[in-house]
Amino acid sequence: MVGDRDDDDVDGRDVTGAGGEAGHGDASGTRGGDGASDVGDDVGRPAGTTGVDRGSSVEADDDAASRAGSQGGGPGMDRRKFLTGAAVAGGALVAGAGIYGITRVASGGPTSRRPPARPRTMASSTTTTTVPGARLAPTASGVLLPISPAIVAENAKPGHAWWVTTAQQAGDIEGFADRVSAVSGDAVTLYVSTKATHFHVEAYRMGYYQGIGARLVWQSDEVAGIRQPSPTLVAPTNTIECQWSPSLTFTVDATWPPGAYLLKLVGATSEQQFVPLCIRDDTSRAAVVIQHSVTTWQAYNRWGGYSLYFGNSGGRLSFVHAPGAAGSFADRARIVSFDRPYDHDWASGAADFVGNELPVLYQAERLGLDVTYWTDVDFHARPQLLANHRALVSLGHDEYWSLQMRDGARQALDAGTNLAFLGANASYRQIRMQPSALGPDRLQVCYKSATEDPMYGVDDAIVTVNWPQPPVSRPECRLIGSTYQDIGARADLVVRDPSSWLFAGTGLAAGQHLPLVVQGEFDRYVPGQEGPTNVDILAHSLVANRGGNYSDITWYTTPSGGGVFASGTATWVGSITGSSAIPGNVLPPASPAVTGPLQRAMENLYAVIATGPASASQPSSGTWRSAYRSSGSIPAGTPSNAD
């Protein structure tokens, strides 16, 4: 079954792109984590068990060449081993394939229309995403959802295909903002370094927009371009920080609807790079809040040569994200800073947004869902605001959580807010946030070693190790219901309970396979571990290439509270959408027998989590017992611990 496709032309042109999906991993039944021997990922112990730091590592999780799980290319392609070329042919956008990540987004050639000279504001209307304007209405498939007239109206506006970028070299143009998000009235400062004599900024709100995926909301005047100084390496934490001069400041006003934005830096001689920015509405009462995982983006960001996984020896600087770059886990950063750009070869500076997040936004805004947006840094700073929403949606890779986030999610869940985890490996590592010279919450602390962390023995609750590890000892399954297992999966998703509300209207049958939906990281329910015991298993997928382990779609509800959905696979987000108006390396094309059923499953999910506490509408019953009975792996006395 092929999912919904949009066959719209863009500006009269047929804009197409090819996509591919592949990935593989070595056989292993261990709960991996970040590669062959990443600290704290417990490689070598039985699948599903929890261990402690083992002391040495190489970086992998999404970066090492040995990492599998397909972020593009072909069999054996590493999840972040992006293709390095893009071309323009015959007026169509042509670029390398990728299942849910990109190296660059190709833009139109000489025949494509460009933005007007310097329009300050591209629209004058205001979009709000609050419940009073929302109404329950059926989708095209008949599913009742809370629909926002404002979101519907916003996405009826013309989209702009030129949001995509052309291939660049490191340092051609790059920059960062002084904040990860802003509200109306905020002044946002950009710090830009470029070889161009001058540049301007184009602000694109990301959504559906007739299948084009973005709308140009604002464009700056031309700004003089300069080469900024080399970054500073701060010892002993190997933190890369840019002490750059401000390039321009703009004020967010009512013409910027709340949402996810890509600020496109455009140099005078075609230099192009993205700076992500979220526009929040802290007064929103929208049914659903979608959370951008910027702390995970920053953890993997290698700009300057240092991420939370890899670091160069001897203080050497480097500016590539691609796997295979020199570096070691021992020389990794212990603190990473938002005061630096994202790698130019990581989705043109958009980091994980395009591959692991945009497909969800695209579908949600196409549906007109009553939705608003924030980043995980915002959730850290204001966890109490989650009580204003019926559901929090965590996207494809949401690995790094602070104590404030974890406690805020637990409190909201118990009070009736629902949670949906649309990836795997979520809430797996604890972080702390600290201020930089530019503002609060600009430094992200994660030592990945209890004994290295200066808070060890001082305040053990905030020591930055994996959440399951001592001295923190709060496994993610207490909140999510399932447990992170391993990387490198390459398997079909196998339906276990087609009678579940999740699969209503999909036409799926028990035992039916959805090809290659389980790739990369994966989670499963582990009988006998801490956490809820009333977990339902909706899909139970054998991951043969990882030692016969399993990936599970799980669902559980709390007494008189909310429900928690977990997809159990890192490839869920990349499997739910397709558009013929966007190249396949930007949003994956629709996949026969996969996209349609999963799009309908997403509608069913929103129908439950966006309409009230799920314990009242879809209480779970604990079907995990029958799912695992055949393996004889159900121990007596399974605990049910609160977080």
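Position 1 is the first residue of the sequence; numbering continues from there.
Remark: side-chain polar atoms of D186 are not paired, donor with acceptor, to backbone N or O of V252 under 3.5 angstrom. Side-chain atoms of N425 do not come within 3.5 Å of backbone N or O of F522 as any donor-acceptor pair. At least one donor-acceptor pair under 3.5 Å links the side chain of T571 to the backbone N or O of Q519. In this structure, the side chain of N418 engages the main chain of G563 through a donor-acceptor pair within 3.5 Å. With hydrogens and angles ignored, the 3.5 Å screen pairs no side-chain donor or acceptor of R390 with any backbone N or O of A287. Judged by distance alone, with hydrogens and angles left aside, the side-chain atoms of Q618 form no donor-acceptor pair with the main-chain N or O of V608 at under 3.5 Å. K264 places a side-chain N or O within donor-acceptor distance of the main-chain N or O of V164, the cut-off being under 3.5 Å. Panel note: side chain S394, backbone D398; no donor-acceptor pair is recorded below 3.5 Å.
The closest side-chain heavy-atom distance from V564 to L413 is below 4.5 Å.
For the atom pair CZ (R366) and OH (Y208), the distance works out to 4.0 Å, reported to the nearest 0.5 Å. For the atom pair OG1 (T295) and CG (D441), the distance works out to 11.0 Å, reported to the nearest 0.5 Å. To the nearest 0.5 angstrom, M602 atom CE is 11.5 Å from S575 atom OG. In this structure, N155 CG and Y362 OH are separated by 10.0 Å, a value rounded to the nearest 0.5 Å.
Remark: aromatic rings of Y342 and H321 are distant, center separation not under 6.0 Å.
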**Message:** Walk me through whether R215 and E154 qualify under salt bridge (charged side-chain N to carboxylate O under 4.0 Å, His left out).
**Reply:** CA-CA 9 Å; R215 179 175 75 86; E154 172 61 27; 2.8 Å; yes
Worked verdict on L367 versus E603 for side chain to side chain contact (heavy atoms under 4.5 Å, CB included):
CA-CA 9 Å; L367 293 170; E603 293 185 30; 3.8 Å; yes
- Which is it for I609 and V393 under the side chain to side chain contact (heavy atoms under 4.5 Å, CB included) test, yes or no, and what are the steps along the way? CA-CA 9 Å; I609 67 173; V393 173; 4.3 Å; yes
Please report the C-alpha distance between S293 and H397 in whole Å, then the side-chain angles of each, then the deciding distance to 0.1 Å, and finally whether the side chain to side chain donor-acceptor pair (under 3.5 Å) criterion is met.
-> CA-CA 7 Å; S293 305; H397 197 185; over 6 Å; no
Q.
Please determine whether side chain to side chain donor-acceptor pair (under 3.5 Å) holds for the pair H344 and Q168, giving the CA-CA distance in whole Å, both sets of side-chain angles, and the decisive distance to 0.1 Å.
A. CA-CA 7 Å; H344 81 284; Q168 302 292 311; over 6 Å; no
Practice task
Apply ring-ring contact (aromatic ring centres under 6.0 Å, His included) to the pair W303 and W346, showing each step before the final yes or no.
Solution key: CA-CA 10 Å; W303 191 94; W346 189 10; over 10 Å; no
Carefully, step by step, assess W374 and H389 under the rule ring-ring contact (aromatic ring centres under 6.0 Å, His included). CA-CA 12 Å; W374 67 33; H389 307 284; 5.8 Å; yes
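Legend: residues meeting ring pair (Phe, Tyr, Trp, His ring centres under 6.0 Å) with F338, ordered by chain and number and at least two apart, are absent. Residues forming a ring pair (Phe, Tyr, Trp, His ring centres under 6.0 Å) with F503 (at least two apart in sequence, or on another chain): none. D378 is linked by a side chain to side chain donor-acceptor pair (under 3.5 Å) to S181, T375, R382, counting only residues two or more places apart in sequence or in another chain.
Using modelled atom types, one finds no donor on one side chain facing an acceptor on the other under 3.5 Å when comparing E174 with Y191.
The side-chain hydrogen bond (donor to acceptor under 3.5 Å, both in side chains) test with Y204 singles out one residue from Y209, W163, W162, W218, and that residue is W162.
Using a 30° and 60° split on the angle between ring planes, W297 and H292 fall in the tilted class, from 30° to 60°.
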